[in-house]
Amino acid sequence: VAEQAVEVVRGGYEAMARGDVAAFLGAMAEDIEWYEAEGMPYGGLHRGGDAIAQKVLGPVITDIPNFAATPEEYVASGDTVAVVARYTGTGKETGKELDLPVVHVWDVREGKLARFRQFGDTVKFLEVVPAEVSVAA
Amino acid sequence: VSLADLQSVRRAYEAFNRRDFAVLDELIDADVEWHQLTLFPDRATYRGIEELKERFISTQLIEQFGDFKIVANEFIDAGDWIVAIGTVSGHGGSSGLEFSMRFVHLLEMRDGKVVRAYDVAGRAA
């Protein structure tokens, strides 16, 4: 089970890395719960792929056009996969470089991404994308 | 988090391996919420340091896996959170089989104490 869950999660990062948002959204369960860390410009709970695309993915790519989330380690147990990842990119408004370690905890259900929880230093992110300049504001 | 927070978390892992639990009392808030997100040793939420020590540390870890050891080899300062990454290992209490797993601990710090934690342990993949 853990191996399958990792492949679903890995597929999501790979889709985003090649800019294939549709494939990433397609890997999500219809009722996916996406907990973006409070304190991020996109913070809070978002339900479903449409909300995630409009409230998180779209704004992130606008705020940081060369944004990348690169997985560095996967830890998997059953349907739960923790990913230690690194966010990089350049803030469009500030010109500042982002280089931020984060942890994502994913739950996979019936082969689909069912829940996402993000942990990271939101203050450092805000230095690159201040909340007031984010398109999510 | 402060450098002092990072250092005291690092010391707490070392103290755990010596079974010196006094250090845990100093570092963990009395009202801690500890969320075990994966099946090892049991998917559960422990509330308060007494429950954490009695039900989780003593019963789930020490009694089942007597030589249970936890080595954190990376600490990340993530704002209000410390992320500790490393390896847990030991011998299964009944089977005696040796095991080794990767873990990720997310520790939310307030006033120098852990107030909330998420614990993920599993296979490196």
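Heavy-atom basis, side chains included; hydrogens, waters and symmetry copies ignored. This one's a predicted model, so the numbers in the text were calculated from it and none came from an experiment. By convention in this document, chain letters (A, B, ...) are assigned in the order of the sequence lines, proteins followed by strands, and residues within each chain are numbered from 1.
- Residue contact with chain B, scored on non-hydrogen atoms closer than 4.5 Å, is absent for Val81(A).
- Cluster membership check: Val23(B) does not share its hydrophobic cluster with Val9(B), using side-chain heavy-atom separations under 4.5 Å among Ile, Leu, Val, Met, Phe, Trp and Tyr.
- Counting non-hydrogen atoms of neighbouring residues, nucleotides and ligands closer than 6.0 angstrom, the NZ atom of Lys55(A) reaches no more than 12 such neighbours.
- With a 6.0 Å radius and a threshold of 12 heavy atoms from other residues, nucleotides or ligands, Lys92(A) has its NZ atom at or below the threshold.
- No chain of hydrophobic side-chain contacts below 4.5 Å, direct or via other Ile, Leu, Val, Met, Phe, Trp or Tyr residues, connects Val56(A) to Tyr35(A).
- Hydrophobic clustering of Ile, Leu, Val, Met, Phe, Trp and Tyr side chains at less than 4.5 Å, counting indirect connections, unites Val32(B) with Phe16(B).
- Remark: Asp107(A) CG to Thr38(B) OG1 distance equals 10.5 Å, nearest 0.5 Å.
- Using modelled atom types, one side-chain atom of Asp121(A) and one backbone atom of Gly79(B) make a donor-acceptor pair closer than 3.5 Å.
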Decide side-chain contact (heavy atoms from CB on, under 4.5 Å) for Val84(A) and Glu74(B); before the verdict, give the C-alpha distance in whole Å, the side-chain angles of both, and the deciding distance to 0.1 Å.
-> CA-CA 11 Å; Val84(A) 181; Glu74(B) 192 180 347; 5.5 Å; no
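- The minimum heavy-atom distance between Ile76(B) and Pro101(A), with the atom names listed, is CG2-CG, 3.4 Å.
- Looking at Glu7(A), neither its backbone nor its side chain comes within 4.5 Å of chain B, counting heavy atoms on both sides.
- The line from OG1 of Thr80(A) to OH of Tyr118(B) is 13.0 Å long, rounded to the nearest 0.5 Å.
- Atom CD of Glu72(A) and atom CD1 of Ile85(B) lie 8.5 Å apart (nearest 0.5 Å).
- Here the closest heavy-atom approach between residue Ser77(A) and residue Ala121(B) is recorded as CB-O, 3.1 Å.
- Between Gly122(B) and Val75(A) the shortest heavy-atom distance is N-CG1, 3.4 Å.
- Applying the 6.0 Å contact sphere to CZ of Arg123(B) captures no more than 12 heavy atoms from other residues, nucleotides or ligands.
- Considering all non-hydrogen atoms of both residues, Ala82(A) and Val104(B) come closest at CB-CG2, 4.3 Å.
- Val103(A) and Val83(B) get closest at one heavy-atom pair: CG2-CG1, 3.5 Å.
- The number of heavy-atom neighbours closer than 6.0 Å to CZ of Arg110(B), taken from other residues, nucleotides and ligands shown, is 12 or below.
- The neighbour count for Asp111(B) CG, taken as heavy atoms of other residues, nucleotides or ligands under 6.0 Å away, does not exceed 12.
- To the nearest 0.5 Å, atom CZ of residue Arg117(A) and atom CG of residue Leu106(B) are 9.5 Å apart.
- Here the CZ-CG distance, from Phe119(A) to Leu107(B), works out to 11.0 Å after rounding to the nearest 0.5 Å.
- By the rule that hydrophobic residues join a cluster once side-chain heavy atoms approach within less than 4.5 Å of another member, Leu37(B) and Leu113(A) end up as members of separate clusters.
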